[in-house]
Amino acid sequence: TEEKIVVQVEQAANVRVLIKPRPFSAKELVQGKRHYFKFDPKTSSVFHPIKNRRWVYDKVLPATISQADAFGEIALECCRDVVDGYNATVFAYGQTGSGKTHTMYGPDGGQQLIDGGIHMDPEEMGVVLRAG
C-alpha cells in the first residue's frame with residue numbers, strides 16, 4: 001500500500017508587525033523625558049495624542065521589556081522555523097534613535113563584539129546575539 005504523508009504548515013508566509021519603543025537612557029530618565037506617542041500593549045495599539053489617532057499592530061511591546069522577553073516575542077518563533085528548515089527574517093525598521101540597534105544587538109549596539117569578544121551582560125544581549 002502507498003503511504004501518504006501530509007505536512008501542515010501553519011505559518012507559511014506570515015508577516016507580523018511588532019512595535020517595541022526604545023527604553024530611555026539614564027540621562028533621559030533624569031531629564032524627565034516621556035514618549036510622545038502612547039504605546040498600549042494591552043490593545044496592541046499606538047496612540048497619537050495631538051491627532052487623536054490610533055494604529056493597531058499585531059503586538060506592541062512595553063519599552064521596559066527585558067531583552068530576553070523581547071527575543072521571545074520577536075524572534076524565537078523565527079529561530080524555530082529556521083531550525084525546521086524554513087526561511088525567516090526579522091526586519092527592524094524605524095527612525096534614527098528609535099531603538100533598532102538596541103533591540104537587535106543590545107544597549108551598546110554590539111560594540112563589545114567589534115572590540116574583540118562577547119563580554120556583555122547576558123540580560124542585555126539583543127535578538128541577534130540570542131539567535132546565534
Side-chain angles (χ1 to χ4, degrees):
T1 65
E2 184 179 355
E3 185 177 306
K4 292 184 180 181
I5 299 173
V6 177
V7 178
Q8 182 179 2
V9 179
E10 294 177 9
Q11 297 197 348
N14 218 5
V15 175
R16 297 183 315 146
V17 179
L18 285 75
I19 304 295
K20 180 190 175 287
R22 175 182 62 82
F24 288 118
S25 67
K27 179 181 177 182
E28 290 169 325
L29 289 172
V30 169
Q31 294 172 340
K33 298 279 184 174
R34 295 174 192 238
H35 285 113
Y36 179 76
F37 289 92
K38 305 296 181 203
F39 300 95
D40 188 352
K42 292 178 184 171
T43 61
S44 295
S45 66
V46 177
F47 181 70
H48 188 297
I50 304 267
K51 294 184 178 182
N52 196 28
R53 185 139 186 232
R54 181 175 308 275
W55 295 270
V56 178
Y57 298 92
D58 293 308
K59 185 162 263 195
V60 173
L61 305 174
T64 56
I65 192 170
S66 72
Q67 290 287 72
D69 289 341
F71 172 78
E73 294 288 344
I74 296 167
L76 184 58
E77 189 176 324
C78 290
C79 290
R80 288 182 178 148
D81 288 346
V82 168
V83 169
D84 289 340
Y86 298 98
N87 293 325
T89 300
V90 174
F91 181 77
Y93 175 81
Q95 71 182 39
T96 301
S98 63
K100 301 174 301 294
T101 303
H102 179 276
T103 299
M104 298 304 284
Y105 290 100
D108 73 344
Q111 187 62 44
Q112 293 179 33
L113 290 175
I114 295 167
D115 292 342
I118 298 178
H119 305 290
M120 182 181 288
D121 178 348
E123 292 295 315
E124 295 181 345
M125 288 180 166
V127 168
V128 172
L129 301 177
R130 290 176 189 280

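Contacts of Ser25 classified as side-chain contact (heavy atoms from CB on, under 4.5 Å), with partners at least two apart in sequence or in another chain: Lys27, Glu28.
The backbone N or O of Arg22 sits less than 3.5 Å from a side-chain atom of His35, completing a donor-acceptor pair.
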For residues 50-64, which side-chain N or O atoms pair as donor and acceptor with protein atoms under 3.5 Å away, sequence neighbours left out?
{"residue": "Arg54", "atom": "NH1", "partner": "Ser45", "partner atom": "OG", "Å": "2.9"}
{"residue": "Asp58", "atom": "OD2", "partner": "Val17", "partner atom": "N", "Å": "2.7"}
{"residue": "Lys59", "atom": "NZ", "partner": "Glu73", "partner atom": "OE1", "Å": "2.8"}

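If you chain together hydrophobic residues whose side chains sit under 4.5 Å apart, Ile65 and Leu18 fall into the same group. Linking Ile, Leu, Val, Met, Phe, Trp and Tyr residues whenever their side-chain heavy atoms come within less than 4.5 Å places Tyr36 and Val46 in a single cluster.
Taking both residues in full, the closest heavy atoms of His48 and Phe37 are given as CD2-CE2, 3.3 Å, listed atom of the first, atom of the second, then distance.
Counting heavy atoms of neighbouring residues, nucleotides and ligands inside a 6.0 Å radius, atom CG of Asn87 does not exceed 12 of them.
In this structure, the side chains of Phe39 and Lys20 stay at 4.5 Å or more apart for every pair of heavy atoms.
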